[in-house]
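Read through the structure below, which is laid out as structure tokens, and then see the notes.
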Amino acid sequence: MYSDADIQGLIERIKSPDDVISGAAWQSAGPYGAVAVEPLAALMADGDFELARKGKRALYRVVRHVGQPAAGGERRAVERELIVVLETSPSPVRREVLWMLSEIGSERAVGPMAALLADQELHEDARCALTRLPAPSAVTALKSAFLTAPKDLKYALAESLRERGEKVEGYPSRKLEPTAQTGVTPRQ
């Protein structure tokens, strides 16, 4: 278990102007686990693009570290922290957290992720992340959103539901619609 001082040291090393120090720091963030989630998410919201990117990379290292088969307890702890960040952070951070949860999330993550289907800025990321999430309740959340979604979003939700094995009538795949006029005439 890492202490607050350990986490503070990690953050300070990531913030270092020396790329050798900061690179080594974000690349080694994986084992820090759940206690690093909130500080790294805060770093992701930093106004300095490079610093925010280092924070994002470090947090992805944590997610991938706990995504290993033997990391069940660690995975649950990181998932809990990511859900808190999902509910309290700025949109750019929440967007990345949706994708992180799509890698390690369980049934617990479905509700908070599905809540973002109503968010104009994040609904597409939420839809795609829920499509990836293997939790059975993710399909239920997509079905529920489909019932109340505006028409333009229904096509995307229908595509997600079909990808999860559900039949959806009345909203054909937009991939099948021609996008350009052709000069090809049908055979007689």
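Note that this is a predicted model, so its numbers are computed, not measured. Numbers here are sequence positions counted from 1. In what follows, every heavy atom counts, from backbone to side chain, and hydrogens, waters and symmetry copies are set aside.
Atom NZ of K56 and atom CG of L43 lie 12.5 Å apart (nearest 0.5 Å). Note that NZ of K54 and CG of D48 are 8.0 Å apart. Values are rounded to the nearest 0.5 Å. Here the straight-line distance linking atom CZ of R164 with atom CG of L130 works out to 8.5 Å at 0.5 Å rounding. Rounding to the nearest 0.5 Å gives a distance of 6.0 Å between OH of Y171 and NZ of K151. The CZ atom of R61 sits 9.0 Å away from the OG atom of S28 when rounded to the nearest 0.5 Å. The line from CG of L117 to CG of L122 is 10.0 Å long, rounded to the nearest 0.5 Å.
Using a cutoff of 4.0 Å between basic side-chain nitrogens and carboxylate oxygens, K15 and D46 are not scored as salt-bridged. Using a 4.0 Å cut-off between a side-chain N of Lys or Arg and a carboxylate O of Asp or Glu, E79 and R76 do not qualify as a salt bridge.
Within the 4.5 Å cutoff, no side-chain heavy atoms of V168 are placed close to those of L157. A heavy-atom distance below 4.5 Å is not found between the side chains of V84 and V37. Proximity of E74 to H65: side-chain heavy atoms (C-beta onward) are separated by under 4.5 Å at one or more points. With a 4.5 Å cut-off on side-chain heavy atoms, L59 and V85 do not count as touching. In this structure, Y155 and S173 have side chains that are not in contact, with every pair of non-hydrogen atoms separated by 4.5 Å or more. M44 has its side chain out of reach of P90: every pair of non-hydrogen atoms, C-beta onward, lies at least 4.5 Å apart. Contact check for V97 versus I83: no side-chain heavy atoms found under the 4.5 Å cut-off.
By the neighbour-count criterion of 12 heavy atoms within 6.0 Å, atom CG of D4 is sparsely surrounded, having that number or fewer from other residues, nucleotides or ligands.
Scanning all heavy atoms of the two residues, the minimum distance from A141 to V110 falls at CB-CG1, 3.9 Å. Between M113 and S102, the shortest heavy-atom contact is CE-N, 4.3 Å. Pairing each heavy atom of R13 with each of Y32, the nearest pair is NH2-OH, 3.1 Å.
There is a side-chain donor-acceptor pair under 3.5 Å between E96 and Y60.
Partner of L98 under the side chain to side chain contact (heavy atoms under 4.5 Å, CB included) criterion, out of V93, L82, D125: D125 alone.
In the hydrophobic cluster analysis, where Ile, Leu, Val, Met, Phe, Trp and Tyr join through side-chain heavy atoms closer than 4.5 angstrom, Y2 is grouped together with L10. M1 is connected to V62 through a chain of hydrophobic side-chain contacts under 4.5 Å among Ile, Leu, Val, Met, Phe, Trp and Tyr, so both are in one cluster. Follow the hydrophobic side-chain contacts under 4.5 Å out from W99 and you reach L142 in the same cluster.
Of the possible donor and acceptor atoms, none in the side chain of R80 sits under 3.5 Å from a partner among the backbone N and O of A34. Panel note: side chain R127, backbone A156; a donor-acceptor pair is recorded below 3.5 Å. Not one N or O on the side chain of R75 forms a donor-acceptor pair closer than 3.5 Å with the backbone of A70. For S137 (side chain) and T140 (main-chain N/O), no donor-acceptor pair under 3.5 Å exists by modelled atom type.
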Q: Check the pair L116, L86 against side-chain contact (heavy atoms from CB on, under 4.5 Å), reporting the backbone distance first and the verdict last.
A: CA-CA 9 Å; L116 295 178; L86 185 67; 3.5 Å; yes
Q: Begin with the C-alpha distance, continue with both residues' side-chain angles, and end with the deciding distance and a verdict on side-chain contact (heavy atoms from CB on, under 4.5 Å) for L133 and L101.
A: CA-CA 8 Å; L133 198 66; L101 284 169; 5.7 Å; no
Q) What do the steps show when you test R57 against Q27 for side-chain contact (heavy atoms from CB on, under 4.5 Å), and what is the final call? A) CA-CA 8 Å; R57 287 177 171 173; Q27 291 176 39; over 6 Å; no
